[in-house]
**Student:** 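Okay, here's the structure, questions in a sec.
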Amino acid sequence: MSLCLAERALGPVAVPRQITLEEWDEAYERAGSLEPRDAGYGGLLGRHVRSGNTRLARLQFDNSFAALKLWNFLLTEEDRLRQARLAGKTLIGAMKDLGTVPVIACAYPDLVAFYPDGAWWLPCLLEDNAGLLAIADRLGVDESFCPVRAMLGAFVSGEHFPRPDLLVCSVGATCDDFSAIAQRVEGLGHPVLWWELPQRREPEPGEKAALLPGGARAGAGQVAFVQAELARVITGFTMQCNVKLTDRMLAASIHQANKVRSCLAELRRAVFTAGLAPLPALELLVAEMLALHYCSDRAETLVVLEELLATVRERTGRGVGFHGRDAVRVFWVNPVADLKAMNLLEECGGRICGTDYLFTHALDQIPDDIPPLEALARVALADPMAGTAQERAQRIQRDMRAFGSEALIISRIPGASHCALEGEVIREIVTAAGNCPVLEIEVPSVCDPLQGTLRTRLEALVETVRNQRKER
Amino acid sequence: MDSPGTALRRGKKIIFTSPFVPAEWIAAHGLVPWRMTSGGSAFCGGSGAPPVSVESGVCAYMRGFINEAVSDPQVLGVVLVTTCDQMRRGADLINLRTKVPCFLMNVPSTCGTPEVSALYAAELERLGRFCVTLGGKRVEPERLVSILLEYDINRRMVLARQNDLSAGDFARELQFFGENGKVRDENFAGLACGRPYAGSVPVGFIGGPLTARQFDLFDVFADHGAEVVFNGTESGERAFPARLDLRRIKEDPTGVLTEAYFRAIPDVFQRPNSGIFAWMEKAVRSRQVRGVVFVRHLWCDKWHAEAERFRAALEVPLLDIELDGGRMNERVRNRIGAFMEGLR
C-alpha cells in the first residue's frame, strides 16, 4: 500500500495525522469500501463506542488503515472467543504470566487462550459504565487494589468474555493484587490451575547459569523447576482436550510466536529510532499488547502487525510522521490504566522511544536452540516482575541508550502493591546513572479529573529536556 | 556488600520476621536467629535516611521491619521471603540503600506437589550457604540434631503457656521466644500474668503480623470483656511450625524442616489458600468463639482481599480492623467496643 487510504479520503495526501473517532468514521464512510481484507472484523470504529467503549470517543487515533485494523482487531476479541466456543474449541483463561502460557495453548489444535487480566483496561474503555468496579467494591475489593479488580467484576457479570473452560494462573513472584484477586475468582467457583513462578535469582556458586531472553540470568535449577511447573500446565491442557502435546508441536508454536515477536521487535525499533515518530504512542501500545495472547488469533495478529510495520516503513521512507523532530524522546515504564495518557504525552511535546510495560519477556525472542519447554521456562523467568527492581532498571537503562531516550516516565498503577517501591528503586538508579530527567506519575483508569496536573508535569518534563538540549 | 569479616564485627544476628524461616536452621549454622516483631516505629537508625522512606502505597509493617532490622546494631544479615510483593521490594531497597547483607528466600505460594517442597528445601540449603558466607559454620549433623530438638522442646513449652497467660502476654511471650529461641524465666518476669475473668466472651484473632505496639489490641479487647482464645495472626500460634519428625532428623534435616514449616503453616498467600480457612474453622469450632477479629495492614492486598471470604465462611460475626503500623486510634477502639457489645 503506497499511501494510506484514509489519508486519501481525508484530504491532505500522505500526511499522517491523529484524528478523532468522529473523523475516522467520516473518513471510513468515504473510503471504507477500499478497506483491505479484514478477516471479518473491520468496520466503523464508532460501533465500538455504541457497544460501550465510550473512552474511544475521547482518544486521538492514527489515520492509517493499518491502525484502524489494529483497533478493530483489538476490540472484537470477545466476538472471536464466542465464535471459538461455538466452534467447539476449549477456552483457556491464562492469568498473570503474560506471554508464556498462550504459546503452549496455541500448540494445541483446539485450544484458544486469552487473558482475563485484559479486563484491567475495561474501566478505562467503558469509563466504568458497566459497573465492574462497583461489583468488585461489593465483594470487598475496593480502590486500594489496582484496576485489575475489574476482572473480578467481569467474572461476576459474565458479560465481557465467555467463561473459560480452564483457568491457569502463575503465582509466586507475581504481584499481590493479581494473586489476591485471582484467589477471589477461584472462591467464586472458577477452579484455577496454579503454577509456581519463583523469584529469579543469580546462579549459586557451582550452579550452571541459564541465560534468559532479555539478558538476565537464572540458576539452571530454577529453569528446571519452572519447566516442571509448565509440564503440569500441559497435563492440565491435555486433560481438557485429550490431545497429547509433542515437542514438535510446541517447537512449531514457538516458531510462530517468534514470527510475531520479530515483527513487533522490528516495529518497535523502527518507531523508536525514526527521526519523526511514524506511529503514535497509543497504537504502539496496543500493538505491543498483541504479543501477549494474539487477541485470540495468532495468524491474524501477524497480519495486523505486518501491515502496521509496512505503514511505518512507508512513512519513514517518505520522511513523514508525527509530533515534529524536536519531540522529546521518552521511555515509558509500566502500562497506563488510562489510554488517554499516551495521547496526553504527545500533546505535551513528547513521543515514545522505548517502553517497559511490564511484559518485556513477551517481546523477546524465545530461544529455539534448546528443548521447547525449557525455552518457555526461560521466558517465564525473564518476567520483569520475577526479578529485582535493580535488574529491571538495568534493562531500562540499556534500552534507553539503544533507543536514544532522553527522559524516563515511571507510570504508577493506582493501588498496585509493587509500584511504590519498584518505582522508587528504578528512579534512584536511573537518576544516579546520568543526566536523565525522571518523572513518576500515577494514572488512574479515567484520568480526566487529573488531566490538568498531569499535563503540567509532562510539560515540565518536556521543557527540562529541551533546556538540557540547549545546554549541550 | 561488606566482607564477611567486617560483617561479623557488627554482630551475629540474622534478623527475619516471616514464620517460614526456621530459626533452628540459622542457629545450626552458628549464628543468632532473631525473629523480629516490628516495633511499628518509622526508623530506629542513627544518621542517614531510612531505606524505606516511601509511605504511600507501602505496608507499614514491612516499612517498620526493614528500617528497624537494618538499623539494629547487632545485625549481621536480614532474611526476607517472597510471600508478598512488599517484602520482595523491601529486599531491593535493602540492597540498594544499605550495606546489610540480605537474603531473599523463595517460599513457594503453591503447595502440595513434591517439586515445591523440594524448592523450599533447596532454599534452606541456600540459606545455609548465606549464613556460611557471613561467618557461620557448616552444619555438623550431631549439633544440628541437638539444636532442632532444643527448639522443638522450647516451642512446645512456650505453647503450653497459652492457658496461663492473657492473650497480650502470650503474644509477648511468643515475641520473646522468636527473639531468643527459648522460654522466659519460669516466674514470667515482666509479664502481667493473668487470665480474664470468668464469663468473658471468647473471641479469636486471624490475620497478618502485628507490631509490638499492636499487642495492645488484646488488652483493649480484654477491657471490653473479651477472652482471646486463639491468636491466628502471623504473630500467634497459627504461624508455629508443626512438631519435628524426630525419626528423620539425622538423615533428612531439610526435609523435616520443610514438613514442619512449609507444609504445616497455613497462610493466606498460599494458592489455593483453603488451608488457612480450614485452620480458622477448626479453631472457631473447637474453642467455641462468638466472634472473630480480622486484622490486616493497610496496603496488604493478600489479607485485605480475603476479608469478605472469611466473613462469609464464619457463622459468627467478624470485625475487620485495618492497621497502619502505629497504635490504635479512637475510631478502632470505638469499633471494638461496638463489636463486643454486639457479642454479649
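By convention in this document, chain letters (A, B, ...) are assigned in the order of the sequence lines, proteins followed by strands, and residues within each chain are numbered from 1.
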**Student:** Please report the shortest heavy-atom distance between B:Asp301 and A:Gly415, naming the atom on each side.
**Tutor:**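 Closest pair (atom of B:Asp301, atom of A:Gly415, distance): OD2-O, 4.3 Å.
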
**Student:** Looking at B:Asp85, is its backbone amide N or carbonyl O close enough to the side chain of A:Asp176 to form a donor-acceptor pair, meaning the two atoms are under 3.5 Å apart?
**Tutor:**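 It does hold such a pair.
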
**Student:** For the pair A:Glu186 (side chain) and B:Pro272 (backbone), establish whether a donor and an acceptor sit closer than 3.5 Å, ignoring hydrogens and angles.
**Tutor:**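 The answer is no, because no donor-acceptor pair under 3.5 Å joins these two groups.
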
**Student:** B:His304 and side chain to side chain contact (heavy atoms under 4.5 Å, CB included): which single residue from A:Asp142, A:Val141, A:Asp177 fits?
**Tutor:** A:Asp142

**Student:** If we ignore angles and hydrogens, is there a donor and acceptor under 3.5 Å between the side chains of B:Thr113 and A:Arg232?
**Tutor:**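 Short answer, no.
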
**Student:** Taking B:Arg97 first and then A:Glu424, would you say they form a salt bridge - that is, a charged N and a carboxylate O separated by under 4.0 Å?
**Tutor:** yes

**Student:** Please rank B:Val58, B:Leu119, B:Thr82 by heavy-atom pairs under 4.5 Å with chain A and give me the top one.
**Tutor:** B:Leu119

**Student:** Of the listed residues (B:Cys59, B:Cys84, B:Ala312), which shares the most heavy-atom pairs with chain A below a 4.5 Å separation?
**Tutor:**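 Ranked by contacts with chain A, first place is B:Cys84.
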
**Student:** Closer than 3.5 angstrom, by distance alone: can the side chain of A:Glu196 be matched with the main-chain N or O of B:Thr110 as a donor-acceptor pair?
**Tutor:**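 The answer is yes, because a donor-acceptor pair under 3.5 Å joins these two groups.
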
**Student:** Quick one: does B:Gln86's side chain have a donor or acceptor within less than 3.5 Å of a partner on A:Ser417's backbone?
**Tutor:** yes

**Student:** For A:Gln183 and B:Asn273, work out which heavy atoms get closest and say how close.
**Tutor:**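 It is OE1-N, 3.1 Å.
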
**Student:** Evaluate the side-chain contact (heavy atoms from CB on, under 4.5 Å) criterion for residues B:Glu308 and A:Arg184: first the C-alpha distance (whole Å), next the side-chain angles of each, then the deciding distance (0.1 Å), finally the verdict.
**Tutor:** CA-CA 10 Å; B:Glu308 289 308 306; A:Arg184 290 300 306 273; 4.1 Å; yes

**Student:** Do you know which of A:Ser179, A:Ala182, A:Gly187, A:Ala420 has the most heavy-atom pairs under 4.5 Å to chain B?
**Tutor:** A:Ser179

**Student:** Answer yes or no: is there a donor N or O on one side and an acceptor on the other, between the side chain of B:Glu115 and the main chain of A:Glu229, under 3.5 Å?
**Tutor:** no

**Student:** Would you confirm whether B:Arg88, through its side chain, and A:Thr174, through its main-chain N or O, come within 3.5 Å as a donor-acceptor pair?
**Tutor:**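 Indeed, once roles are kept as given, a pair shorter than 3.5 Å links the two residues.
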
**Student:** Is the backbone N or O of A:Val171 less than 3.5 Å from a side-chain atom of B:Arg271, with the two atoms forming a donor-acceptor pair by type?
**Tutor:**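 No: the side chain of B:Arg271 does not pair with the backbone of A:Val171.
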
**Student:** Any donor and acceptor pair, going by atom type alone, linking the side chain of B:Asp92 with main-chain N or O of A:Ala389 inside 3.5 Å?
**Tutor:**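 Flag set: sc B:Asp92 to bb A:Ala389 pair under 3.5 Å.
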
**Student:** Find the one option among A:Ala228, A:Gly140, A:Gly172, A:Ala173 whose heavy-atom pairs under 4.5 Å with chain B are most numerous.
**Tutor:**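 Maximum pair count with chain B is reached by A:Ala173.
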
